[in-house]
Every structure is written in structure tokens, then in C-alpha cells.
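Reviewing the structure listed below.
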Amino acid sequence: PMDDYCMIETVIAVGSIPLTPYGTPSTYEVPEAIAPYLKDHDCMLLENHGALTVGADLITAYYRMETMELQAHISLVARLLGGVKDITPDNIDRLIGMREKYTVTGKHPGARENLVPELTGRGLKKVMFVTDKVLLECGVATKVTAELDKAGIAYEIYSDVKANPTVANVQTGVAKFKEMGADSLVAVGGGSVMDTAKAVGIIIANPDFADVVSLEGVADTKNKSVPLIALPTTSGTAAEVTINYVITDEANKKKMVCVDPKDIPVVAIVDSDLMMGMPKGLCASTGMDALTHAIEGYITKGAWELSDMVELRAIELIAGSLYDSVQGDPKARETMALAQYIAGMGFSNVGLGIVHSMAHPLGAFYDTPHGVANALLLPYVMEYNAESPAKPKYKAIAKAMGVQGTENMTDEEGVKAAVEAVRKLSLSINIPQKLHEIHVKEEDLKDLSVAAFNDVCTGGNPRETNSDEILEIYKKAF
């Protein structure tokens, strides 16, 4: 009976893994009926999601997946890891909260073909198309506008977006949205483009925040953003799936980190073909940004079992594919498209740390690309954070980075191995290693330290810190 969303068919098997098409009658009747077929197995695969769930018994495993239906978030994790850890009852509400945040369409080349169905399926008819001038000139953005042209969907382009988007960029975008009478946003670009679109969408839905600066931190917005569909063109920021966006307040020389679950795009279309044209430097820095997300998300105070699974897999994928991705290998770029996305799903739920706190002021003071700042600072902050409750986790980071023999390492050896592996990868793709190389001024370090300490990401750092200790990290990196 389709009106009850019940689609149960005969159980079959794939190898030793039982498989059944997805069904949603939230009762024990179906799992009880199929349990005899599964008695020799300890896990099951739901074909509709490709997701593997494990329970203390088979009925519980089936019932858990059936009732929670974690959509793309858990499905993606499960396919990659070969299994989801047993979920305790006290985590179920948290997981259900996570499931509603993400919808992803594809990661394969050409996934942008899903844009029009996603728009028309939501009744959206007039799009403000947010991108930047470089993506227009090199033809990346036009690959997406071509889909709108074929379908006859009305749109106007807004491309006044800086690499570190400003309050003025957002306010101009808001005025453009109103002027054209748009009902939706499509963002095609890296983090700067998607962050700008997020801010515009939030302000259109919450006009009391039109000054932009009042959105800093966790703003008390009331309404969800206008519908936003994001198509990333870099494999690093994961802005298409996170609750964060960052806007530069030029008047106060400050990068504002805005945190708002209402800003998450309704759909993220991860089309690796849009990333194929990235120059080596951009591919390297955004890839290291993704690695920073994964490592900080893994050791942050808010980390827990499920986020750990996501972040470790992201580290593993990035370590295994970033070098080749920088060299232009298509398969590696496709892998990076996925890796940065799942890293974003993790950290968006648990937070980051002072790598980001220290990177943000560099963008505000010097317009330093965010990925470059994160990549340079990551090893130094990892060394600092080793003296924290996260220390035992460094061995797992090293293992995910491809280091052999971690099971026999002490915690101290694990820290050294993890930091060395990160630094080795960074050097292999020509990331600057010292702040003076990117024109940071020594006389600004104290002001940078104060700004970093006051950054919203500092609260998630696994080690308690202060501006004096952050200053010492800056000096070491200088």
C-alpha cells in the first residue's frame, strides 16, 4: 500500500550480506517477519540507500535504520566505511537531528543535470545565479547556466564576489535579489561564492539582519534561508553542506564566522566535472582546507563516535588522493569531491578549532586565501593540541594518513607521525610553510592573536588556550 509508504519485497543476499528494498512501516512486524532469513548474519544492507547498519540483534538493526532513515548523511558514511557503529539510544535524537540537514545529488561528472529537476520539483521559477567573474570567464559557471537555458528557467547572474566576501558583496547581492524578484538562489563556486549566497538567503528571509554584521556568531534568525542550491567548484570548503559562512567586515578588519543551521542549502549537487579546471595552487590549498576540516573535526571537543567515523574516512581519502588531484588526475579529483563533502558533514555538527581561528584573521588583515592559511597553520596547531585529551587520537590520524605500524606506537610517537605525515603531504603540493612567505607582518602578530582568540571556532579547540599562547604559535609559524 503505497499510501503507507510500505515497499517490502523478498529478501535476497549479496554475498553474505542480506539485502532488502527499503520499507517504512514503523513497527516490528516487518523485521520480525524477515528475521528468520537473517539469522546467520550480524548486519543488513538497505538497497535504497546502500547503507549498512549494525545492531545488537537483527530486528534492532532493521528497526533502527527503518525508523531513523538517515538519508544521505549516514548512507554516505556507511557505504564508505562498510558499517555504522552500534548506535546507543541516547544518540538517536542527535542522529535524527542530523538527518534533516543534508541532501546530496551525485558526486559524478555531469551531476549538474539534476539542477533543473530540483528547481522545478520545488516550484522555483526565477533564480539569482551567484558565481564569480573568474568562473564566468573560464566557462565553468556557463556549464551550469546551460542547464537553465535548456529548460527555459529565468535567471540573472550576480558575480560581484571577492575571494574573501565582504559585507558590501552581501548587501549588493540582497539588493539584486529583490530587484529581480527572484524566488531562489543557485551558487556555483568555491566557499566565497557559497558563503555570499548563504548570507543573501538568510537576510532575504530575515530582513532585520540587513546590516550583515549582526549575523556574526550564532544569530537569532527566525526563518530558513530562501531556497539555495549549491554546486561547489573546489574540493575543500564543503560550504555546500555546512551550517557556517564567513564574511569579512572590512571596516573593522575582521572575518565574521556566522553559524546558522537555517542557512544550509536545500540541495548540494557535487559535480566533480566542475572541479576539473582548478589550477594546481587552488586545488592544493582547498584540498588542505578539507584535511584541516577533517583533522580539527576529529579532535574537537564536540567530536563523538559518528563524527569520528566520518572524519577519519575523509582523512584517509584526502591523504590517498590529494597529490594526484593536484596533478590533475580526474579520478582523484572525483575522490576529493566526495572527501571534502563528508569532512564538511562531520565538522558542521561538531565544530572546529584554532587552526580556523588563526586563519580567519589572516584573511581579514591580508586577504590571504582561506585554504592557504589553514594549510600553513595546521601542523603547528596539531603540535600544540597534542597536549590535550585528543592526544591518543593522533595515532588514528597517522594511520589514516597512510603511516605504517601505528598500532605499536606510543601516543607521543603517534603525535610525531601524524604531524610529519601532514607536513609531508603539504610540502609535496607546494604549500608555503612559514607566515613570512605569504607576506604576514611580524608587527601584526599580537593583533592577529587577539582576533584569533575571540574567533567563534576557538571554543571547540581540544586544548584550552589564550591569546598569549596563540601568539607563540604564530611566532613559531612566522
Side-chain angles (χ1 to χ4, degrees), residues 128-138 140-141 144 157-174 176-177 185-203 212-213 215-216 225 228-250 253-260 263-265 268-270 274-275 277-279 281-290 292-293 337 340-341 344 347-348 352 356 359-375 438 455 457:
M128 185 168 104
F129 189 95
V130 185
T131 189
D132 63 40
K133 292 179 173 61
V134 172
L135 290 171
L136 283 172
E137 290 169 4
C138 69
V140 173
V144 184
I157 294 172
Y158 177 66
S159 60
D160 187 13
V161 179
K162 292 182 64 178
N164 288 297
T166 65
V167 168
N169 291 156
V170 174
Q171 290 177 328
T172 306
V174 169
K176 173 79 170 178
F177 189 98
L185 293 153
V186 169
V188 177
S192 55
V193 167
M194 290 185 282
D195 283 1
T196 302
K198 285 180 173 182
V200 169
I202 283 290
I203 291 171
V212 186
V213 295
L215 288 168
E216 184 178 13
S225 166
L228 164 63
I229 297 178
L231 296 90
T233 59
T234 62
S235 48
T237 68
E240 72 274 12
V241 74
T242 67
I243 63 173
N244 313 307
Y245 56 98
V246 181
I247 304 296
T248 299
D249 177 1
E250 290 184 304
K253 257 178 133 174
K254 182 180 184 182
K255 263 199 165 189
M256 305 182 299
V257 180
C258 309
V259 183
D260 191 344
D263 70 20
I264 298 175
I269 300 178
V270 184
L274 300 178
M275 304 172 187
M278 276 190 295
L282 181 60
C283 185
S285 62
T286 57
M288 288 299 292
D289 187 19
T292 305
H293 292 156
Q340 63 89 32
Y341 176 85
F347 89 76
S348 187
L352 293 165
H356 276 75
H360 289 148
L362 296 180
F365 277 58
Y366 309 108
D367 216 22
T368 304
H370 180 63
V372 172
N374 272 339
I438 58 172
D455 189 271
C457 293

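Note that the coordinates shown come from a computational prediction; the quantities given were computed from them, not determined experimentally. Computed over heavy atoms, backbone and side chain alike; hydrogens, waters and symmetry mates excluded. When a residue number appears, it is its place in the shown sequence, counting from 1.
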### Summary
Taken in chain and number order and not counting sequence neighbours, the residues that satisfy side chain to side chain contact (heavy atoms under 4.5 Å, CB included) with K253 are F365

#### Entry: Interatomic distance, S159 atom OG to K176 atom NZ [nearest 0.5 angstrom]
9.0 Å

### Task
With sequence neighbours left out, write down each residue that passes side chain to side chain contact (heavy atoms under 4.5 Å, CB included) with E250, or none if nothing qualifies.
K162, T166, T248

### Task
For residues M128 and G173, report the shortest heavy-atom separation together with the two atoms involved.
CE-O, 3.5 Å

### N374: side-chain hydrogen bond (donor to acceptor under 3.5 Å, both in side chains) partners, not counting sequence neighbours
D289, H356, H370

### Task
Kindly write out the residues that satisfy side chain to side chain contact (heavy atoms under 4.5 Å, CB included) with A141, not counting sequence neighbours, or none if the list is empty.
F129, T131, L135, L136

### Query
Any side-chain heavy atom of F347 within less than 4.5 Å of one from N244?
yes

### Query
Does T242 reach the main-chain N or O of G344 with its side chain, forming a donor-acceptor pair under 3.5 Å?
no

### I247 side chain near P165 side chain, heavy-atom distance below 4.5 Å
yes

### Query
Are the side chain of K198 and the backbone N or O of L228 linked by a donor-acceptor pair below 3.5 Å?
no

### Among I202, D195, V200, the one residue meeting side-chain contact (heavy atoms from CB on, under 4.5 Å) with V170
V200

### Query
Are V193 and V188 close enough that some pair of their side-chain heavy atoms sits under 4.5 Å apart?
no

#### Entry: Separation of S225 OG from L185 CG (nearest 0.5 Å)
6.0 Å

### Message
Any non-hydrogen side-chain atom of M194 less than 4.5 Å from a side-chain atom of Y245?
### Response
no

### Task
Applying side-chain hydrogen bond (donor to acceptor under 3.5 Å, both in side chains) between H360 and each of D455, N164, T368, report the one that passes.
D455

### Query
Under 4.5 Å between any side-chain heavy atoms of I203 and L215, yes or no?
yes

### Task
Please report the closest heavy-atom contact between P265 and A230, naming both atoms and the distance.
CG-CB, 3.9 Å

### Query
Can you find a pair of side-chain heavy atoms, one from M256 and one from V167, that are under 4.5 Å apart?
yes

### Query
Are the side chains of L362 and K255 in touch, meaning some heavy atoms are under 4.5 Å apart?
no

### Task
Specify the closest pair of heavy atoms between A238 and Q340, including all atoms of both residues, with the distance to one decimal.
N-OE1, 3.0 Å

### Nearest non-hydrogen partners of A163 and S192, listed with the distance
O-CB, 3.2 Å

### Query
Any side chain to side chain donor-acceptor pair (under 3.5 Å) pairs touching residues 229-238, not counting sequence neighbours?
none

### Query
Should L352 and H293 count as side-chain neighbours, where that means a heavy-atom distance under 4.5 Å?
yes

### Message
Please enumerate all residues that pass side-chain hydrogen bond (donor to acceptor under 3.5 Å, both in side chains) together with D160, with sequence neighbours excluded.
### Response
none

